[in-house]
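As structure tokens, the structure follows; a few thoughts come after it.
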Amino acid sequence: MKNSRRDFAQTSALGLLGAGFFSRFDKVAAAQTSLTSTFDFLQRQATGKSEALLCKPAPGEEGPPAPATDDRLTLDWNKRTVARFKEKLAQDGVHAFLVRNPLNTTYLTGYWHTTTERPEATFMNQDDPDPWFMYPALDRDLVRTWWFGGGKTYFDFKDAGSFPNEGSVVQGKTVDLFRFLLEGIKEHGIQGKKIGVDGELYPSESAKAREILPDIEWVNVDPMLMDIRIVKTPEELALWRRAYVYFDRAHAFARDYILTHGTDITDYEVAMATQFWINQQLYSDLKLANGTPHHGVKSGVEVEVRAGPVTAYPHPNQPYFNRIGRGVALQVSGGASIGGYGGENYRMYIIADKAGEFDSHMRKLWEVSQHCCDMQVDLQVEGASCSSVAYKIHKYQVENGVQKYIYHRPAHGSGVEGHQPPYLALGDYTVLQKNMCFSEEPGLFDPENGCGFNWSDTVVTGAKSGYRMSRVPYSREWCWIKL
């Protein structure tokens with residue numbers, strides 16, 4: 001059966017936008033002499049008015065950096081990073097390392113993979129030129145085509161020691177994959193008498209390690225590795241900034257879409273239309289090599305929009321599906337990354353009531369929370385402590401009488417995993433270093449009145465002040481709108 005464009009669209013992801021979207025689509029399509037694609041329709045919603053309001057670089061600013069031109073960190077970057085890690089390990093007399101946390105494997109080697117219950121691990125001696133892996137068979141084509149110095153593979157979890165992919169189907173004894181890992185490392189060979197591992201071994205694991213590798217001392221080097229990861233390199237920051245170039249354009253598109261369609265649309269429609277529009281451009285710009293592995297890894301923009309009472313909850317458990325109305329709070333938010341690097345970008349709106357007035361209570365919460373964002377940028381300098389930044393922001397909130405609406409710390413550290421140490425929290429006394437990255441979330445929430453204001457960005461620690469990765473304004477001009 002041959003389906004029409006409309007039949008296809010209504011059964012696709014964009015079909016979830018609802019009949020209102022397609023009535024608007026059809027009005028535009030009817031005026032065209034040829035078939036109009038979904039992207040073409042959405043492109044007409046990008047008026048460019050909001051994009052023209054994005055902040056311009058300021059003279060003498062410390063950042064953000066110029067966006068990267070690469071789609072991911074290079075293998076040379078990974079090799080240099082492993083060399084730095086090995087150098088620090090050697091200072092403690094450790095000449096081999098084992099990482100089992102997928103985040104650490106990716107950070108060190110650049111091997112991006114989907115994480116499930118299937119364990120994977122990476123091992124290197126100080127003098128090894130390439131990493132050794134333990135990996136499941138389903139990832140064999142990925143791990144062997146990146147930076148690969150051999151390894152040991154098992155079929156799947158839970159493993160029985162046979163390989164159906166090689167013609168062997170046996171109901172054998174369940175394989176202990178930690179013993180399997182230790183035996184593989186032993187076969188590979190170990191340099192020195194210590195292995196640095198990213199975390200403490202469980203007692204049962206320690207017993208197996210003593211049995212299989214009795215002369216090896218296990219040293220927890222996870223804090224050392226995290227200390228490296230939390231201070232970003234120039235290459236990481238440039239890739240981060242590139243993700244925000246697209247994220248900023250997404251924010252501008254969402255604002256235009258809201259101003260164009262007003263109360264005829266839901267927050268969900270804005271989010272889905274924006275996400276489709278921006279990712280169409282992002283993926284068109286990336287060098288995807290026709291779907292070849294290791295291209296376009298961990299890249300995309302996720303957009304969320306919530307209007308009305310759902311803004312009043314920091315982590316709501318209700319869906320974001322509400323018609324945009326007058327006299328409400330609205331948040332445009334989400335996350336963006338290219339090559340795994342990027343972060344959050346939230347802006348808070350107040351929509352005027354039918355009389356064109358902005359609610360005084362919402363104005364108060366908006367103004368205090370917005371000022372706290374600016375405070376964080378000013379306070380986030382190398383040498384300050386996380387606790388001192390949090391203290392000054394919370395003090396300002398209390399002094400302005402909004403303590404009832406405080407639900408959480410001002411910010412978390414940011415990395416490829418999202419939340420990363422350290423934290424701008426009263427109990428975190430970590431001293432800030434240049435190029436540490438944080439979210440920006442001095443949110444205020446009022447469930448009783450159905451409104452909340454939580455912002456975010458990536459704020460990078462600087463020498464004289466922090467700086468934001470995003471160019472989306474925090475101004476009333478941008479955020480206080482009339483429909």
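Sequence positions, counted from 1, serve as the residue numbers for this chain.
Partners of S465 by side chain to side chain donor-acceptor pair (under 3.5 Å), not counting sequence neighbours: none found. Contacts of K86 classified as side chain to side chain donor-acceptor pair (under 3.5 Å), with partners at least two apart in sequence or in another chain: none. The side chain to side chain donor-acceptor pair (under 3.5 Å) test applied to R476 returns E367, not counting sequence neighbours.
Here the options are Q370, Q376, E441, the test is side-chain contact (heavy atoms from CB on, under 4.5 Å), and the partner is W455; only Q370 passes. The side-chain contact (heavy atoms from CB on, under 4.5 Å) test with L239 is passed by exactly one of T69, D71, I338: I338. For the ring-ring contact (aromatic ring centres under 6.0 Å, His included) test with Y111, the passing option among F133, Y135, W147 is F133; the others fail.
R306 and Y313 make their closest contact through NH1-O, 2.8 Å (heavy atoms, listed as atom of the first residue, atom of the second, distance).
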| request: Would you sort out whether R468 and D374 count as a salt bridge (charged side-chain N to carboxylate O under 4.0 Å, His left out), showing the intermediate values? | output: CA-CA 10 Å; R468 294 180 175 119; D374 290 344; 2.9 Å; yes
| task | Start with the C-alpha distance between R229 and E417, add both sets of side-chain angles, then the distance that settles salt bridge (charged side-chain N to carboxylate O under 4.0 Å, His left out), and finish with yes or no. | result | CA-CA 11 Å; R229 289 183 57 211; E417 65 268 56; 2.8 Å; yes
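Residue-environment remark: CD (Q91) exceeds the threshold of 12 foreign heavy atoms within 6.0 Å. In K152, the NZ atom is crowded: over 12 heavy atoms of neighbouring residues, nucleotides or ligands sit closer than 6.0 Å. Applying the 6.0 Å contact sphere to CD of E302 captures no more than 12 heavy atoms from other residues, nucleotides or ligands. For Y391, the OH atom counts as loosely surrounded, since its 6.0 Å shell holds 12 or fewer non-hydrogen atoms of other residues, nucleotides or ligands. In E87, the CD atom is not crowded: 12 or fewer heavy atoms of neighbouring residues, nucleotides or ligands sit closer than 6.0 Å.
Under a cutoff of 6.0 Å and an axis angle of 45°, R72 and W146 form a cation-pi pair. R118 forms no cation-pi arrangement with F157, by the criterion of a distance under 6.0 Å to the ring centre and an angle within 45° of the ring axis. A cation-pi arrangement is absent between R347 and W478, since the terminal nitrogen or guanidinium carbon is not both under 6.0 Å from the aromatic centre and inside a 45° cone about the axis.
The aromatic ring centroids of Y320 and Y268 lie 6.0 Å or more from each other. The aromatic ring centres of H412 and F438 sit 6.0 Å or more apart.
With respect to R241 and E236, no salt bridge is recorded, no charged nitrogen being found less than 4.0 Å from a carboxylate O. By the 4.0 Å N-to-carboxylate-O rule, K464 lies too far from D378 to be salt-bridged with it.
Contact check for I324 versus L483: side-chain heavy atoms found under the 4.5 Å cut-off. Between I195 and V219 the shortest side-chain heavy-atom distance does not fall below 4.5 Å. When side chains are defined from C-beta on, N435 counts as touching L237, because their heavy atoms get closer than 4.5 Å.
Proximity of a side-chain donor or acceptor of Q380 to a complementary backbone N or O of V459 within less than 3.5 Å is detected.
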